[in-house]
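Below, all heavy atoms of this structure are taken into account, side chains as well, without hydrogens, waters or symmetry copies. Every chain is numbered from 1, with letters handed out A, B, ... down the list of sequences.
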Amino acid sequence: MPSVQITFPDGTSREFPQGVTALEVAKSIGPRLAAEALAAKVDGRLVDLTHRIESDAPIQFITPAAPEGLEIYRHSAAHLLAAAVTDLFPDAHPGVGPPTDTGFFYDFYREKPFTEDDLAKIESKMREIVKADLPNERLYFPKEEGKKLFDQMGEFLKCELVEEKAEPVFSAYRTGKFLDFCRGPHIPSTGRIKAFKLLSVAGAYWKGDEHSYPLQRIYGTAFFTARELDEFLAKIEEAKKRDHRRLGKELELFSIQDDAGPGLIFWHPKGGIVRKVIEDWLRDELLKRGYELVFTPHVMRLHLWETSGHTNFYRENMFGAMDVENDRYQLKPMNCPGHILIYKSRRRSYRELPVRMAELGTVYRYERSGVLHGLMRVRGFTQDDAHIFCAPEQLEDEVQACVEFAFAVLSAFGFDRYEVELSTRDPAHPEHYAGTIEEWERAEVALRSTLDRMKVPFKPMPGEAVFYGPKIDVKLVDAIGRPWQLTTVQFDFNLPSRFELEYVGADGRPHTPVMVHRALLGSIERFFGVLIEHYTGAFPAWLSPVQALVLPISEKQAAYAREVVEKLRGAGIRTELDDRNEKLNARIRDAQLQKVPFMLVVGDREAQAQGVAVRRRDTGDAGFRPVAEFIPWLRQLIDTRAVKW
RNA sequence: GCCGGCGUAGCUCAGUCGGUAGAGCAACGGUUUCGUAAACCGUAGGUCGGGGGUUCGAUUCCCUUCGCCGGCUCCA
C-alpha cells in the first residue's frame, strides 16, 4: 500500500497510508485533538477534516485556539443559519453568508420581510439542527451540472455565483437539505456549534449594488463557549450604555434639531465648554509646533472649486452652489483651497518653508440621509485641519512631526491604544492617480521609512490611497476596544499643480512645493462623540463641563457655600452651586448622573473649619479638606490634564 | 439614496381590535431645612411627527411627506 509522509508543526513526521483523512491523522495523535480539531491545514491549504491526503505534506490542525478557527466555525454557523432559514421559509433564496469580525451573516432574497418572531423561530430551528448533529458534507460538481442543479432548485442567486466564480469542478457543502456553493472548509458537523445567537435583520443588496436585488441580511454571532457569547452580548449592552447620542441628551452636551435639519450639530453650553477646552489646548499645541493659525471663508466662488477639481471628483458630497450677484458661490466641503489662496497671496521663498497653516475649519458635506449618525457622521463639522507646504526633501521630517503630534494628541485625551495604516496606490491602475510614478514612489517611501524609523507598527493598505496621494491613517481604540478613524496624514500631488503653487529655490528658480493635508482629531464633532463614549460621559476633570459642584446641606450654609464657589471660580475652576430645595441625597444623585467629578458638601462643620467635604464621582465620600488645600490640589489635577486621580 | 423598523406630554414609555389618551420622572406652586445616589402634597402640560384619503367618526386603517433607529454604500 502506497504511503505518504506527513510532517507535523514540531518538525517530526510520520508515515500514513495514502488517502488517509486529516481526521484519522488527528486521531492517531490523540482523541483530544481529534475532538477539538475544526479543520486542518495541509500543505498550507485549509481543508476539511474529511480531506484525504494523497501526497507528502506538512499538516497543522485548526483548533479553536488557531486564528482561523473562529472564522471557520462562524462560517459553518452561517451555513447552519441558511439551512434553518431555507427549511422554514422555502421562499427565501440564499445569497452569500460569510463570517465577519464579530460573527456572521447570511443574505436572502425574499418578498416578505423577516420579523423578530421569525428570528426566534429560525434560532430554535438552528438549535434543532445542532442537536441533530448533521454532517457538513463536501461535494464536487462539474460547473455546468452544478449550475443546472441550483437552477432546478430555484436558487437563482447561487446560479449566478456559480456562473461567475466557479472552477470547472467546484465544491459545495450539504447540511441536511441545504446545499451551498462554497469553498470551505467547514467544521465536521453542526453538533460542534456550541454558542450562537441571531442579532438582527437588515437590508443589503446583491453584491452591494443598490440597483440589484434587495436582500435581507440576518446577522448573528457564534463563539466556542457560552461564556464568550455572554461577554460579547454584555459588550453590546455596554456599548449601548455609552451611546453618545443618549449621553449627549442626558448631559446636555449637544443636540440635533428637526427644525434645522439632519446632520447639523447644536453644541449646548455643557458641550460648548468641552469644545472650548479641546480647542484651546489644540491651538496652544499648534503654535508650539510651528503652525500658523488662519481663518478662511465658509463660502467661496464656485470657480475656485472648479480649479481645485472638487466640482469633478467631490460633487456628490457638496451642498448645491448658490447664486449671488450673477455669480455662483459654494459652501466649502474642504479647507485646502482657502489655505492655498493664502499661500499664493505672495511669492514664497524656500527659506520660509515649511509653511504650516492650521485652521479649525468648519466644512459642510452632503451626506446621504441614511448614513448620518449622531456626532460620528454629520453634514457640518469642524476639522482640526492643516496644510503643510514644503520642499520635497522636507517631507519625511514633516510626516514624522505629524505622526508624533497625532500620538501626543491621542495620549493627551487618554487614548493609549491605536492602529496605524499606510494606504498606498494600486500599481495595477496608474491611471487612477494624479501625479507621476516618481512622485508617488518618493512619497510612499517617505511615509514608510518615517514609520519604520519611528518604530511604529503599521498595516500596509495597498490600493487604499486616495487618487491625489498616499496617506497614513491612525485609528484610536477606545475603552471597549472599538477602533475609530480620526487622524489622517495625506500627500497631495494634485492641488499644487492645479493651483500652480511655487516657491523660489536657492537656485533662484521656481519649484513646486509638496503639500500635506493633515487632521489629527479629524472632526471635532466625531472626536467629541468618541470622547463621550470612551469616558461614558465621565470626562477627566480638565474636560468636565462642571468641575466642582458645591452642595450646601441646608439654607443655613448658603452664604458660606457662595463664598466657596467664588473662591473656586477665582482659581479658574468651573464651579456650580446646587442650593435647590432638595435633600442632599437627591442633589448628590443628580450630580452623579451628571458625572460631575467633584461634589463639595458644605454643612456647619465645614463652614466652621473653612473647608469642604469632598465627594469623588468614582469613589464617593473622600472626607474633609480645607478649601485652601483643595483648590491648589484640584488646580494641579486640571493643569496636568490628569485622566485618573 | 435604498431595504426594514419606529415616531403618543420636556424625557422614558403604556394604551386605543376606529368612539379624540394615561403612568413615572422633569416643570410649576406649597410644605419640609435635610450629612453623601430619588422628601411629601398639589397644579399644569398632548390638534398621538406633518399633510391627504377612507369613514357618521381616525391617534388607531390607507397613501404621502419629514425625522429617527438598524443595515447596505461611503467617509472626518
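- Between the base of B/G35 and the side chain of A/E606 there is a donor-acceptor pair shorter than 3.5 Å.
- In terms of polar N and O atoms assigned as donor or acceptor, the side chain of A/Q592 never comes within less than 3.5 Å of the base of B/A38 in a complementary pairing.
- Below the 3.5 angstrom threshold, one finds no donor paired with an acceptor across the side chain of A/R246 and the base of B/C11.
- Nucleic acid contact for A/E367: base, since at least one base atom lies under 4.0 Å from a heavy atom of the residue.
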Name the pairs: protein N/O against N/O of nucleotides 29-34 of chain B, kept only if under 3.5 Å.
unit_1, atom_1, unit_2, atom_2, d
B/U31, O4, A/N581, ND2, 3.1
B/U32, N3, A/N581, OD1, 3.0
B/U32, N3, A/N581, ND2, 2.9
B/U32, O4, A/N581, OD1, 3.4
B/U32, O4, A/N581, ND2, 2.1
B/U33, O2, A/E555, N, 3.1
B/U33, N3, A/E555, OE2, 3.1
B/U33, O4, A/E555, OE2, 2.5
B/C34, OP2, A/K556, NZ, 3.3
B/C34, N4, A/N581, OD1, 2.6

Can you pull every protein N or O that's under 3.5 Å from an N or O on nucleotides 46-49 of chain B?
none

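- Taking only side-chain nitrogens and oxygens, A/R245 comes nearer than 4.0 Å to OP1 or OP2 of B/C69.
- Nucleic acid contact class of A/E252 (heavy atoms, under 4.0 Å, all strands): none.
- In this structure, the aromatic ring of A/F381 is positioned over the six-membered ring of the base of B/A76, centres within 5.5 Å and planes within 30°.
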- Between A/Y468 and A/Q490, does a side chain to side chain donor-acceptor pair (under 3.5 Å) hold up when you go through it step by step? CA-CA 9 Å; A/Y468 53 78; A/Q490 311 183 338; 2.5 Å; yes

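- Counting non-hydrogen atoms under 4.0 angstrom, A/R368 reaches a base of the nucleic acid.
- In this structure, A/F527 reaches neither bases nor backbone, as no heavy-atom distance under 4.0 Å exists between it and the strands shown.
- Atom CE of A/M599 and atom P of B/A37 are 10 Å apart (whole Å).
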